[in-house]
Amino acid sequence: MKEIFISNINALRKENKLTQPQLAKETGLSKSAISSWESGERIPSAIAIIKLSQYFEVTSDYLLKISNDNKCIYYSDKSEIDMSIFRERLLKLRKNMNLTIYDLENILKLSKSALHTWEKGISIPNAQAVIKLADYFNVTTDYLLGLSD
């Protein structure tokens, strides 16, 4: 995941002739965060992935994973990020499969406390966790993050 994200975000930034400070200003993200993602030091949060997807008009799947569709176009008129959609979808997917948080913890090797705080809307997952969840539930990261239906 990390190498794909680094490659894609770097290519999109350069395609759009943006420096890291310019991208930071355009997206409201910090320059240090962008630098740390591109160098592989840190993994972006779900909110950062959404902001980047919206800015570059690509799907979160394109940013995070190998996609058969080369740079799928994402259209959105959402100006505010609503992580409650993620919370609701995660809870619904888990319950539809009759899974407990404990089951997901064991299956996906994610912490029970993290899963609990995501479902309660207390905290947000990083990109790696979003990919694990989307892959397990066989949905796109865009769906899970509320970027598509």
Side-chain angles (χ1 to χ4, degrees), residues 1-76 78-91 93-94 99 101 103-148:
M1 185 279 322
K2 193 187 284 189
E3 293 80 21
I4 294 165
F5 175 77
I6 292 168
S7 173
N8 288 345
I9 194 64
N10 196 287
L12 285 167
R13 185 175 59 76
K14 288 179 179 178
E15 253 177 51
N16 287 274
K17 297 178 175 60
L18 294 169
T19 63
Q20 289 178 348
Q22 289 169 324
L23 179 59
K25 184 178 178 183
E26 291 290 323
T27 60
L29 299 166
S30 74
K31 184 215 168 281
S32 63
I34 293 167
S35 175
S36 69
W37 301 331
E38 286 190 10
S39 67
E41 294 171 28
R42 290 180 48 208
I43 297 172
S45 70
I47 288 180
I49 294 299
I50 292 170
K51 285 183 177 186
L52 292 166
S53 294
Q54 289 175 331
Y55 180 77
F56 288 117
E57 296 182 336
V58 298
T59 65
S60 59
D61 284 322
Y62 173 76
L63 284 176
L64 299 173
K65 303 189 320 185
I66 295 173
S67 174
N68 292 337
D69 298 325
N70 187 15
K71 199 173 17 169
C72 304
I73 301 299
Y74 162 72
Y75 299 99
S76 173
K78 294 181 183 179
S79 57
E80 237 176 78
I81 295 171
D82 183 3
M83 286 306 293
S84 68
I85 296 170
F86 168 81
R87 179 182 61 78
E88 291 164 6
R89 289 183 176 175
L90 176 58
L91 184 62
L93 289 164
R94 181 177 63 77
L99 296 169
I101 286 180
D103 294 331
L104 275 184
E105 174 189 32
N106 290 324
I107 294 165
L108 299 177
K109 306 298 184 225
L110 296 168
S111 82
K112 184 173 73 176
S113 63
L115 289 160
H116 178 73
T117 60
W118 300 338
E119 283 191 1
K120 295 290 182 190
I122 298 168
S123 68
I124 57 170
N126 67 23
Q128 201 164 17
V130 172
I131 291 170
K132 271 188 178 182
L133 291 163
D135 286 347
Y136 179 74
F137 289 115
N138 197 29
V139 297
T140 65
T141 56
D142 277 357
Y143 172 80
L144 198 54
L145 293 172
L147 297 172
S148 70

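A quick note: this is a predicted structure, and the numbers were derived from the prediction, not measured. Sequence positions, counted from 1, serve as the residue numbers for this chain.
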- request: Starting at CG of Leu64, measure out to CD of Gln128 and round the result to the nearest 0.5 Å.
  value: 10.0 Å
- line: When rounded to the nearest 0.5 Å, the distance separating CG of Asn8 from CG of Asp61 is 11.5 Å
- line: What one should report as the nearest heavy-atom pair of Ser148 and Tyr143 is OG-N, 3.4 Å
query: Can you name the closest pair of heavy atoms from Phe86 and Pro125 and give their distance?
result: CZ-CG, 3.5 Å
query: Does a side-chain heavy-atom distance below 4.5 Å link Tyr136 with Leu99?
result: yes
task: Compare every heavy atom of Ile49 with every heavy atom of Pro44, then report the nearest pair and how far apart it is.
output: CG-CD1, 3.5 Å
field: Results of side-chain hydrogen bond (donor to acceptor under 3.5 Å, both in side chains) for Arg13 - residues two or more places apart only
entry: Glu38
field: Over all atoms of both residues, closest heavy-atom pair of Val130 and Leu144
entry: O-CD2, 3.8 Å
statement: Minimal heavy-atom distance between Glu119 and Leu91, with the atoms involved, is OE1-CD1, 3.2 Å
statement: Nearest heavy-atom contact between Lys31 and Ala24 is N-CB, 3.6 Å
Test item: Leu52 and Leu23 side chains (from C-beta on) under 4.5 Å apart, heavy atoms: yes
field: Approximate separation, where rounding is to 0.5 Å, of Glu41 CD and Ser32 OG
entry: 10.0 Å
- prompt: Counting N and O atoms only, with roles assigned by atom type, does the side chain of Ser7 sit under 3.5 Å from a partner on the main chain of Ile4, one being a donor and the other an acceptor?
  reply: no
field: Atom pair CZ/CG of Phe137 and Leu104 - distance to nearest 0.5 Å
entry: 4.5 Å
- request: Give the C-alpha distance, both sets of side-chain angles, the deciding distance and a yes or no for side chain to side chain contact (heavy atoms under 4.5 Å, CB included) between Trp37 and Leu29.
  value: CA-CA 12 Å; Trp37 301 331; Leu29 299 166; 4.0 Å; yes
query: Counting N and O atoms only, with roles assigned by atom type, does the side chain of Lys109 sit under 3.5 Å from a partner on the main chain of Asn106, one being a donor and the other an acceptor?
result: yes
message: Once rounded to the nearest 0.5 Å, what's the spacing between atom OG of Ser113 and atom CG of Leu110?
response: 10.5 Å
- prompt: Hey, what do you get for CD1 (Ile9) to CZ (Phe56), rounding to the nearest 0.5 Å?
  reply: 4.5 Å
field: Residue of the set Leu147, Ile50, Val58 for which side chain to side chain contact (heavy atoms under 4.5 Å, CB included) holds with Asp142
entry: Leu147
